[in-house]
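Here is the structure we will look at, set down as structure tokens.
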Amino acid sequence: MRSSQFFLPTLKETPAEAQIASHRLMLRAGMIRQTSAGIYAWLPLGWKVLRKISQIVREEQDAAGAQELLMPTIQSAELWRQSGRYDDYGKEMLRITDRHDRELLYGPTNEEMITDIFKTFVRSYKDLPKNLYHIQWKFRDEIRPRFGVMRGREFLMKDNYSFDLDAEGAKLSYRKMFLAYLRTFARMGLKAIPMRADTGPIGGDLSHEFIILAETGESGVFCHKDWLDLDVLQNPPEAGSDLKDFFAKYTSIYAATDEKHDPATCEVPEDQLVSARGIEVGHIFYFGTKYSKPMGAVVAGPDGEPVAVEMGSYGIGVSRLMGAIIESSHDENGIIWPESVAPFHVGLINLKADDAACASLCEDLYAKLNAAGVETLYDDRNERPGAKFADMDLIGLPWQLTVGPRGLKAGVVELKRRATGEKRELSVEAALAELIKA
RNA sequence: CGGGGCGUAGCGCAGUCUGGUAGCGCGACGGUUUUGGGAACCGUAGGCCCCCGGUUCGAAUCCGGGCGCCCCGACCA
């Protein structure tokens, strides 16, 4: 993509409404535009990142055996009356009537709908287990939306639902998701720590919140420092195992949100206890037959007797994750994207757009990077160097490749790593080789 | 929903107390000189001063009502 063509409305000044870093930076980097309280339009750069985050979530869901589908945003009130939640959910649920005065709602979650779909088609224990997910916009009419996309009213969420014949199977499904979640967040460069959680309005008896550590997190969290060294990607559990040992290991290390943390009873020695701030990015629940019983999600068991299926549900705040990633990875100049979710891999900066030699080298580099599948944003605008550097730092691409007349005379280009600020002068060939391998 | 604040050019703000026909910086557009970390100068365009009503010769400014947005608290992916 060429900057001269790209719709990337960056701002030099910070809009007044933004309080926290991720919100400020997303506005300044031209990623989002607020259209109402807690509701945002996603501009090209923001949308590109949102798709990358979604894709990682999708890949890990697929790898864990879940299957993607897509349910609508609008649901009928009738469905929610079956589970009893239409009256329980309160004002957070946006209720709508259509032209025939039928009662509808904009879905805050999909337990009822998926259960309804499941029960329509699945009749036998032989069809179990099943795990279905979608990535869809949700609406919760928060009393006070804030912090940009971190707590919007409309937000993109991955939610999935597991169906098993018995509690043992349901707990295995739960452990598989537990692992998938750890892997998902780790792939985005986040340290996510699962913490025992209340089950809230979804209900159930086993639940974990996944909290990532960030200075501007909404809640205080405490954990054993051993968490900081755990790397699930480097030490995966044995393939095909029942994950019991893995789950036991991860749930035995101390971690608690401040509501649950009691310094009086916490057994972790003080010098090993980490106190930090955290952002909730995922939440998983095992709730048994809470929905399957009232809604009649029943299969025939091996003995022919009807069995209400055991269910769990699992959520990841996809749009919130973008804010969370920025909270945990930025500096005073802008965003620092982890490679896995960066909107482009390389920012190619032509310092003097009207210089024939610079332009011709840049065109050549741009073509070669594209040919090698390296996503590149080529700043070919006729702007001053300072403005280009500032924009590139702001939008936080992992690599900046700078071509200018001064370096060109010496036969070098400059390669800068955004995360560290490290700059190296390299030959054109060496710089290309570096970017294509990385 | 309780408490606080704001609404004036695309963005950030002054002007409101003390009523007199709207301004600054950034941005945009044109030009000249510039060009390795958000340039300088000259010029131009851009405003239902959130909305409705009232007071007044006259309202961005005073009064009444409404709407929107932000912040602090209780709730959530």
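In what follows, chains carry the letters A, B, and so on, assigned in the order in which the sequence lines appear, proteins first and then strands, with residues in each chain numbered from 1.
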Item to check | Between C1' of C76(B) and CD1 of Ile211(A), the distance in whole Å | outcome: 12 Å
Checklist entry - Looking across every strand, which nucleic acid part, if any, lies under 4.0 Å from Pro405(A) by heavy atom: base, sugar-phosphate, or nothing? => result base
Next on the checklist: Expected output is a numbered-order residue list: members of residues 32-52 of chain A with a heavy atom under 4.0 Å from any atom of RNA chain B. What is it?
Outcome noted: Gln34(A), Ser36(A), Ala37(A)
Checklist entry - Just checking Asp159(A): base, sugar-phosphate only, or nothing, at a heavy-atom cut-off of under 4.0 Å? => result nothing
Item to check | Spacing of the P atoms in G36(B) and U44(B) (rounded, Å) | outcome: 30 Å
Checklist entry - Below 4.0 angstrom from OP1 or OP2 of G73(B), is there any side-chain N or O of Arg146(A)? => result yes
Item to check | Contacts of type ring pair (Phe, Tyr, Trp, His ring centres under 6.0 Å), residue Tyr378(A), not counting sequence neighbours | outcome: Tyr366(A)
Item to check | side chain to side chain donor-acceptor pair (under 3.5 Å) partners of Lys52(A), counting only residues at least two apart | outcome: Glu375(A)
Checklist entry - Quick one: the side chain of Arg28(A) and the base of G38(B), do they pair up donor-acceptor inside 3.5 Å? => result yes
Checklist entry - Are Phe7(A) and Leu45(A) side-chain neighbours, meaning at least one heavy-atom pair lies under 4.5 Å? => result no
Item to check | salt bridge (Lys or Arg N to Asp or Glu O under 4.0 Å) partners of residues 218-230 of chain A, not counting sequence neighbours, each pair once | outcome: Arg151(A)-Glu218(A)
Checklist entry - How close or far is atom C1' of A77(B) from atom CZ of Arg140(A), stated in whole angstroms? => result 6 Å
List the atom pairs, donor and acceptor, that lie under 3.5 Å between side-chain atoms in residues 404-417 of chain A and the rest of the protein, sequence neighbours left out.
residue, atom, partner, partner atom, Å
Lys416(A), NZ, Asp393(A), OD1, 3.0
Lys416(A), NZ, Asp393(A), OD2, 3.4
Arg417(A), NH1, Glu339(A), OE2, 3.1
Arg417(A), NH1, Pro398(A), O, 3.4
Arg417(A), NH2, Glu339(A), OE2, 3.1

Next on the checklist: Would you say Arg384(A) places a side-chain N or O within less than 4.0 Å of OP1 or OP2 belonging to U34(B)?
Outcome noted: no
Checklist entry - Are Asn131(A) and Phe163(A) close enough, and set up right, to give a side chain to side chain contact (heavy atoms under 4.5 Å, CB included), and what steps lead you there? => result CA-CA 6 Å; Asn131(A) 191 334; Phe163(A) 303 87; over 6 Å; no
Item to check | Between Gln5(A) and Arg2(A): side-chain donor-acceptor atoms closer than 3.5 Å | outcome: no
Next on the checklist: Under 6.0 Å from the ring centre and within 45 degrees of the ring axis: does the NZ or CZ of Lys176(A) meet both conditions for the six-membered ring of Tyr181(A)?
Outcome noted: no
Checklist entry - Does a distance-only test, which skips hydrogens and angles, find a donor-acceptor pair under 3.5 Å between the side chain of Arg151(A) and the base of C75(B)? => result yes
Item to check | Nearest-angstrom distance, C1' atom, G47(B) to A9(B) | outcome: 6 Å
Next on the checklist: What I want to check is whether an N or O donor and acceptor connect the side chain of Lys423(A) with the base of G37(B) at under 3.5 Å.
Outcome noted: yes
Checklist entry - When we call it a touch if two heavy atoms are under 4.0 Å apart, what does Gly407(A) touch: a base, just sugar-phosphate, or nothing? => result base
Checklist outcome for this item: The salt bridge (Lys or Arg N to Asp or Glu O under 4.0 Å) partners of Glu103(A) (sequence neighbours excluded) come to Arg81(A)
Item to check | Qualifying residues under side chain to side chain donor-acceptor pair (under 3.5 Å), relative to Asp101(A), sequence neighbours excluded | outcome: none
Item to check | Separation between CG of Leu243(A) and CZ of Arg175(A), rounded to the nearest 0.5 Å | outcome: 6.5 Å
Enumerate donor-acceptor pairs with a distance under 3.5 Å from any side-chain N or O in residues 24-37 of chain A to protein atoms, sequence neighbours excluded.
residue, atom, partner, partner atom, Å
Arg24(A), NH1, Gln19(A), O, 3.0
Arg28(A), NE, Leu11(A), O, 3.0
Gln34(A), OE1, Tyr40(A), OH, 3.3
Gln34(A), NE2, Ser36(A), O, 3.3
Thr35(A), OG1, Ile39(A), O, 3.4

Next on the checklist: Distance check, C1' atoms only: C17(B) and C63(B), in whole angstrom units.
Outcome noted: 15 Å
Interface polar pairs with nucleotides 43-51 of chain B, N/O, under 3.5 angstrom:
none

Checklist entry - Roughly how far apart, to the nearest Å, are U35(B) and A40(B) at atom C1'? => result 12 Å
Checklist entry - According to the 5.5 Å centroid and 30° plane-angle thresholds, does Phe155(A) stack upon the nucleobase of A77(B)? => result yes
Item to check | Qualifying ring-ring contact (aromatic ring centres under 6.0 Å, His included) pairs, either residue in residues 62-83 of chain A, two or more places apart | outcome: Trp80(A)-Tyr89(A)
Next on the checklist: Going by purine N1 to pyrimidine N3 plus the second Watson-Crick contact, or the G-U wobble pair, all under 3.5 Å, which nucleotide sits opposite G23(B)?
Outcome noted: C13(B)
Checklist entry - When all nucleic acid strands are considered with a 4.0 Å heavy-atom cut-off, which category describes Gly421(A): base, sugar-phosphate, or nothing? => result nothing
Next on the checklist: Checking base pairs now: Watson-Crick or wobble, both atom distances under 3.5 Å. What partners C76(B)?
Outcome noted: none
Checklist outcome for this item: Under a 3.5 Å limit on both distances, the Watson-Crick or wobble mate of G30(B) is C42(B)
Item to check | Near-strand residues of residues 353-366 of chain A, defined as heavy-atom separation under 4.0 angstrom from RNA chain B | outcome: Asp354(A)
Checklist entry - Considering Watson-Crick and G-U wobble pairs with both distances under 3.5 Å, what does C49(B) pair with? => result none
Checklist entry - Are Arg95(A) and Tyr86(A) in a cation-pi contact, defined as NZ or CZ under 6.0 Å from the six-membered ring centre and within 45° of the axis? => result yes
Checklist entry - Base, backbone or nothing for each nucleotide of nucleotides 22-33 of chain B, written B, S, -, heavy atoms under 4.0 angstrom, 5' to 3'? => result ---BBS------
Item to check | Exercise: do Asn160(A) and Gln61(A) side chains pair donor with acceptor under 3.5 Å | outcome: yes
